[in-house]
K.L.:
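My questions all concern the structure below.
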2 protein chains.
Amino acid sequence: MSGKLKLYGDPISGNCLKAKWTADCLGLDYEWVPLDILKGETRTDEFLKINPFGQIPTAVLPDGRVLTQSNAIMVHLAESAAGGLLPSDPYDRAQVFKWLFWEQNSHEPYIAGRRFRKAYLGHDDAKIDAEWLPRGNAALALMEGALLKTDFLTGAELTLADICLVAYTRVAHEGGFELAEFPAVRAWVKQVERSLGLEPAEAA
Amino acid sequence: MSGKLKLYGDPISGNCLKAKWTADCLGLDYEWVPLDILKGETRTDEFLKINPFGQIPTAVLPDGRVLTQSNAIMVHLAESAAGGLLPSDPYDRAQVFKWLFWEQNSHEPYIAGRRFRKAYLGHDDAKIDAEWLPRGNAALALMEGALLKTDFLTGAELTLADICLVAYTRVAHEGGFELAEFPAVRAWVKQVERSLGLEPAEAA
């Protein structure tokens with residue numbers, strides 16, 4: 001069996017957009033299959049046959065095998081396409097992985113977490129874990145420190161690290177974070193958005 | 001400048017042990033530099049010169065460059081040593097990455113989080129986020145499902161995925177999780193401990 005790469009995703013999810021933008025950046029020929037999380041489209045019998053955990057993004061590779069976890073999909077696509085985004089130099093490469101793992105542990109839980117609850121579930125701050133705001137701000141401050149030194153997170157070139165981190169950073173204001181406090185992060189968001197051909201997520 | 005790989009870590013931290021066990025498994029010649037987190041040894045001026053964020057594990061590579069994030073260190077060591085633990089087949093390799101990213105997002109925060117608060121800070125359950133217990137159990141249940149099918153997380157061979165996930169799973173009981181409810185996970189823990197030459201963390 002051989003077909004076209006399929007990416008199942010919902011554009012409200014930064015995790016899904018990471019996989020999509022990586023495929024776009026690499027110039028891959030793929031099919032985007034939109035699923036609406038809030039309408040329960042990731043919980044249908046049809047989709048649960050593809051991914052029993054009902055999570056997106058889910059990639060169905062050209063040979064029919066399934067791959068999950070946004071950052072694992074990004075790495076797989078970049079390694080398979082061999083066209084940038086993941087440096088070949090071992091140290092530069094390790095720096096990209098460092099940001100990808102850090103994102104899952106120290107950025108996404110707080111920044112995407114607050115945004116989903118505030119912008120999609122309509123929770124107010126009192127209902128959201130009080131630690132998430134300072135932890136999200138600490139993540140943004142760490143990025144600010146890095147981006148004062150280099151244009152992109154790992155140096156002069158756009159890599160998977162930037163695509164991964166921009167997904168929720170560009171909509172951090174929807175979770176109550178003030179990007180104006182992190183000017184280097186804000187300038188980097190605009191630069192990555194331009195690199196990916198995206199409309200700015202935040203009003204100027 | 002050329003020297004020996006140095007790994008700064010504290011054996012109470014599963015994240016540090018992941019890096020150490022990977023180096024051991026690959027047969028690397030390295031120096032383990034023990035730091036006591038609870039005594040503040042990761043916050044000394046000397047260590048902050050090496051890692052300004054004061055986090056461990058921290059690797060100082062033979063050329064003197066610094067690498068952080070436990071899973072990024074594991075991947076870098078395995079890719080540099082080219083001796084197993086990270087498959088060359090693109091799909092098998094992607095499965096390993098899937099588990100590594102999942103661990104940082106869906107396992108470590110809850111299982112390591114509860115264990116640190118209960119076993120090292122002496123907090124009782126009332127002081128710990130009530131979501132962490134069910135979320136940690138959901139992570140263990142997901143592993144149970146996978147380990148009912150294969151001996152190791154990605155198939156018949158030990159990979160970085162097993163070393164990564166075993167670090168906090170083997171001491172999950174210290175965080176109030178009952179491994180007896182997950183017999184395939186428990187059997188896998190014992191198997192990985194044997195593979196790594198470790199004393200069992202849990203009484204039989």
Side-chain angles (χ1 to χ4, degrees), chain A residues 15 18 52-53 55 58-59 61-82 86 88-110 112-113 129-132 135 138-139 141-142 145-146 154 160-161 164, chain B residues 15 18 52-53 55 58-59 61-82 86 88-110 112-113 129-132 135 138-139 141-142 145-146 154 160-161 164:
Chain A
N15 284 324
K18 287 181 208 171
F53 299 106
Q55 290 177 328
T58 290
L61 304 179
D63 66 7
R65 289 190 288 184
V66 172
L67 179 59
T68 57
Q69 288 291 320
S70 56
N71 290 1
I73 294 170
M74 296 178 80
V75 169
H76 179 72
L77 297 181
E79 288 194 333
S80 303
L86 193 53
S88 54
D89 173 80
Y91 187 76
D92 293 345
R93 188 179 171 79
Q95 294 303 309
V96 173
F97 279 113
K98 179 195 78 172
W99 284 108
L100 297 185
F101 287 117
W102 177 81
E103 186 256 358
Q104 285 294 295
N105 191 263
S106 303
H107 181 287
E108 196 264 5
Y110 314 122
D129 190 323
E131 281 190 31
W132 291 11
R135 288 190 178 196
L142 186 148
T154 62
L160 291 184
C164 174
Chain B
N15 284 323
K18 287 180 206 172
F53 299 106
Q55 289 177 329
T58 290
L61 304 179
D63 66 8
R65 289 190 288 184
V66 172
L67 179 60
T68 57
Q69 288 290 320
S70 56
N71 289 0
I73 294 170
M74 296 177 81
V75 169
H76 179 73
L77 296 181
E79 288 195 333
S80 303
L86 191 54
S88 55
D89 174 80
Y91 187 75
D92 294 345
R93 185 179 173 80
Q95 295 303 309
V96 173
F97 279 114
K98 179 194 79 172
W99 284 108
L100 297 186
F101 287 118
W102 177 82
E103 186 256 357
Q104 285 292 296
N105 192 263
S106 303
H107 182 288
E108 195 264 5
Y110 313 123
D129 189 325
E131 281 190 31
W132 290 11
R135 289 190 177 194
L142 187 148
T154 62
L160 291 184
C164 173

K.L.:
Going from NE2 on A:H107 to SG on A:C164, what distance comes out if it is rounded to the nearest 0.5 angstrom?
P.N.:
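Rounded to the nearest 0.5 Å, the NE2-SG separation comes out at 8.5 Å.
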
K.L.:
Do you know which of B:Y91, B:F53, B:F97, B:W102 has the most heavy-atom pairs under 4.5 Å to chain A?
P.N.:
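Heavy-atom pairs under 4.5 Å are most numerous for B:Y91.
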
K.L.:
Return the option, out of B:L142, B:N71, B:D129, with the maximum number of heavy-atom pairs under 4.5 Å with chain A.
P.N.:
B:N71

K.L.:
To the nearest 0.5 Å, tell me how far B:L61 CG sits from B:I73 CD1.
P.N.:
8.5 Å

K.L.:
Between B:L100 and chain A, with a heavy-atom cut-off of 4.5 Å, which part of the residue counts as in contact: side chain, backbone, both or neither?
P.N.:
both

K.L.:
With chain B, which of A:E108, A:Q95, A:K98 has the greatest number of heavy-atom pairs at distances under 4.5 Å?
P.N.:
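Looking at each option in turn, the highest pair count goes to A:K98.
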
K.L.:
Go through it in stages, so that I can follow the logic: the residues are B:E103 and B:N15, the test is side-chain contact (heavy atoms from CB on, under 4.5 Å), and I'd like the CA-CA distance, side-chain angles, deciding distance and then a yes or no.
P.N.:
CA-CA 11 Å; B:E103 186 256 357; B:N15 284 323; 4.3 Å; yes

K.L.:
For A:R135, what residues pass the salt bridge (Lys or Arg N to Asp or Glu O under 4.0 Å) criterion, not counting sequence neighbours?
P.N.:
A:E131

